[in-house]
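First comes the structure, then the notes that go with it.
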Amino acid sequence: MNCNSLKTLKAACISAAFLLSPIAHANISTFDAIKQKATELLLQKKKSQAIQLITNYKKTDLGRSHRFEASDLLTKLTLQFVSKDAQEAYENSINLTLENPKDALKSAEQCLSLDPQQLNCLIQKAKMLLRNKSNKAAIVTIAEINELAPDSKYEFWFELTSIKNEAEFKNKQIIKSLPVYQIEEHLALIILELDRCFAVKNYSRAKDILMFFEKQYSDWPDLVFYKYKISFESSEEKTKQNIDANQQLTFYANKCKNVSRNLVRKYRYDIDLCLRILN
């Protein structure tokens with residue numbers, strides 16, 4: 001198994017540790033019992049049964065006392081790999097995102113043929129469909145994501161992505177404040193907030209977000225694009241910058257040609273990674 005496989009396996013073990021946290025009380029709650037049973041099923045590689053167990057619990061928990069915890073647990077279950085072949089197909093898809101988008105999509109679909117309820121692979125498939133401009137097929141896959149893991153952060157992420165070019169996107173409150181630390185799962189929302197700032201010409205807010213990226217994610221390949229974009233769009237001398245624009249965009253394109261697979265993996269939640277153009 002390669003280094004990336006070991007990293008992914010380690011991440012899976014960390015998630016599994018959450019699911020396997022011991023029950024501390026002799027008189028466990030109904031939710032704790034459900035959680036324990038779901039863990040047992042996952043260890044037996046009965047992932048679909050574990051998912052169905054939590055899904056049914058969410059429907060019958062009339063008091064909704066554990067609705068958030070149940071949704072979080074359901075998302076964690078769907079992210080678990082129970083097949084080594086499915087995990088390797090997913091990793092291959094991520095690696096090929098920039099190198100060979102068509103094969104990346106095929107690998108994501110191969111993962112799903114082995115593990116139809118693998119949320120990582122559904123997200124990757126939706127991302128590749130959007131990158132390949134297959135919007136109708138992407139909508140179908142996004143619906144599958146929402147059905148598999150309702151009320152998850154991914155549902156909100158794809159909802160915003162689907163309306164990014166529409167007027168209502170400008171009025172969305174995506175994030176109130178920027179996180180202090182690097183939190184991988186927040187990246188997509190921060191990037192969407194950056195796009196929203198440009199859409200409403202809030203360049204002051206956009207500059208704050210770019211400063212955040214320079215501090216926390218200075219290796220983000222598209223940082224060079226946005227730094228030029230804000231200089232270009234907020235300038236009153238755009239005409240004089242047309243020649244420079246070509247030079248800068250060529251620099252951006254060349255930078256993207258040399259992006260490592262590690263960076264592609266790190267920024268896998270950026271749907272438009274290395275595809276951006278000036279409007």
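Count residues from 1 along the sequence.
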Original post:
For Tyr154, what residues pass the ring-ring contact (aromatic ring centres under 6.0 Å, His included) criterion, not counting sequence neighbours?
Top reply: none

**OP:** Could I get the full list of ring-ring contact (aromatic ring centres under 6.0 Å, His included) partners for Tyr269, not counting sequence neighbours?
**Re:**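 Trp157.
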
Is [X] reaching over with its side chain to a backbone N or O of [Y], donor-acceptor style, under 3.5 angstrom?
{"X": "Ser134", "Y": "Leu130", "answer": "no"}
{"X": "Asn92", "Y": "Ser107", "answer": "no"}
{"X": "Asn258", "Y": "Asn254", "answer": "yes"}
{"X": "Lys229", "Y": "Leu278", "answer": "no"}
{"X": "Asn132", "Y": "Met128", "answer": "yes"}
{"X": "Ser83", "Y": "Ala86", "answer": "yes"}
{"X": "Thr60", "Y": "Tyr57", "answer": "yes"}
{"X": "Ser93", "Y": "Ala89", "answer": "no"}
{"X": "Glu159", "Y": "Glu155", "answer": "no"}

For the [atom1] atom of [X] and the [atom2] atom of [Y], what is their distance to the nearest 0.5 Å?
{"X": "Lys136", "Y": "Thr141", "atom1": "NZ", "atom2": "OG1", "answer": "14.5 Å"}
{"X": "Lys201", "Y": "Lys170", "atom1": "NZ", "atom2": "NZ", "answer": "8.0 Å"}
{"X": "Leu263", "Y": "Asp270", "atom1": "CG", "atom2": "CG", "answer": "11.5 Å"}
{"X": "Ile191", "Y": "Leu160", "atom1": "CD1", "atom2": "CG", "answer": "13.0 Å"}
{"X": "Lys84", "Y": "Leu114", "atom1": "NZ", "atom2": "CG", "answer": "13.0 Å"}
{"X": "Leu112", "Y": "Glu144", "atom1": "CG", "atom2": "CD", "answer": "8.0 Å"}

[X] and [Y] ion-paired at < 4.0 Å:
{"X": "Glu99", "Y": "Arg261", "answer": "yes"}
{"X": "Lys106", "Y": "Glu109", "answer": "no"}
{"X": "Glu193", "Y": "Lys172", "answer": "no"}
{"X": "Lys164", "Y": "Asp272", "answer": "yes"}

Where [X] and [Y] come nearest, the two heavy atoms and their spacing:
{"X": "Ala126", "Y": "Ile142", "answer": "CB-CG1, 4.1 Å"}
{"X": "Arg205", "Y": "Cys197", "answer": "CG-SG, 2.9 Å"}
{"X": "Leu189", "Y": "Ile175", "answer": "CB-CG2, 4.1 Å"}
{"X": "Val259", "Y": "Cys274", "answer": "CG2-SG, 4.1 Å"}
{"X": "Leu98", "Y": "Leu273", "answer": "CD2-O, 3.7 Å"}
{"X": "Leu53", "Y": "Ala38", "answer": "CD2-N, 3.7 Å"}

Could you check whether any side-chain heavy atom of [X] comes within less than 4.5 Å of a side-chain heavy atom of [Y], counting everything from C-beta outward?
{"X": "Leu41", "Y": "Ile51", "value": "no"}
{"X": "Val180", "Y": "Phe212", "value": "no"}
{"X": "Arg268", "Y": "Thr97", "value": "no"}
{"X": "Cys111", "Y": "Phe81", "value": "yes"}
{"X": "Leu192", "Y": "Phe169", "value": "yes"}
{"X": "Gln87", "Y": "Glu91", "value": "yes"}
{"X": "Asn95", "Y": "Val264", "value": "no"}
{"X": "Lys102", "Y": "Leu96", "value": "no"}

**OP:** Show your reasoning for whether side chain to side chain donor-acceptor pair (under 3.5 Å) applies to Gln117 and Thr78.
**Re:** CA-CA 6 Å; Gln117 294 176 301; Thr78 58; over 6 Å; no

Original post:
Just checking, is any N or O donor in the side chain of Gln118 or Tyr90 under 3.5 Å from an acceptor N or O on the other one?
Top reply: no

Subject >> Gln52-Asn56 side chain donor-acceptor pair, cut-off 3.5 Å >> reply: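 Present: a donor and an acceptor within the cut-off.
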
Subject >> Candidate pair Tyr252 and Tyr228, rule ring-ring contact (aromatic ring centres under 6.0 Å, His included), full reasoning >> reply: CA-CA 10 Å; Tyr252 168 58; Tyr228 181 71; over 10 Å; no

Original post:
So, for Tyr226 and Phe213, is the gap between ring centers shorter than 6.0 Å?
Top reply: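 No, the ring of Tyr226 stays outside the 6.0 Å limit from the ring of Phe213, centre to centre.
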
Original post:
Quick one: side-chain contact (heavy atoms from CB on, under 4.5 Å) partners of Leu275, sequence neighbours excluded?
Top reply: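 Once residues adjacent in sequence are excluded, the partners of Leu275 under the side-chain contact (heavy atoms from CB on, under 4.5 Å) criterion are Arg131.
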
Side-chain heavy atoms under 4.5 angstrom apart, residues restricted to Ile, Leu, Val, Met, Phe, Trp, Tyr: same cluster for [X] and [Y]?
{"X": "Ile174", "Y": "Ile163", "answer": "yes"}
{"X": "Ile145", "Y": "Leu73", "answer": "yes"}
{"X": "Leu122", "Y": "Phe158", "answer": "yes"}
{"X": "Leu187", "Y": "Met211", "answer": "no"}

Original post:
Parallel, tilted or perpendicular: which fits the ring planes of Tyr217 and Tyr267, with parallel below 30° and perpendicular above 60°?
Top reply: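 Because their plane-to-plane angle is over 60°, the rings of Tyr217 and Tyr267 count as perpendicular.
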
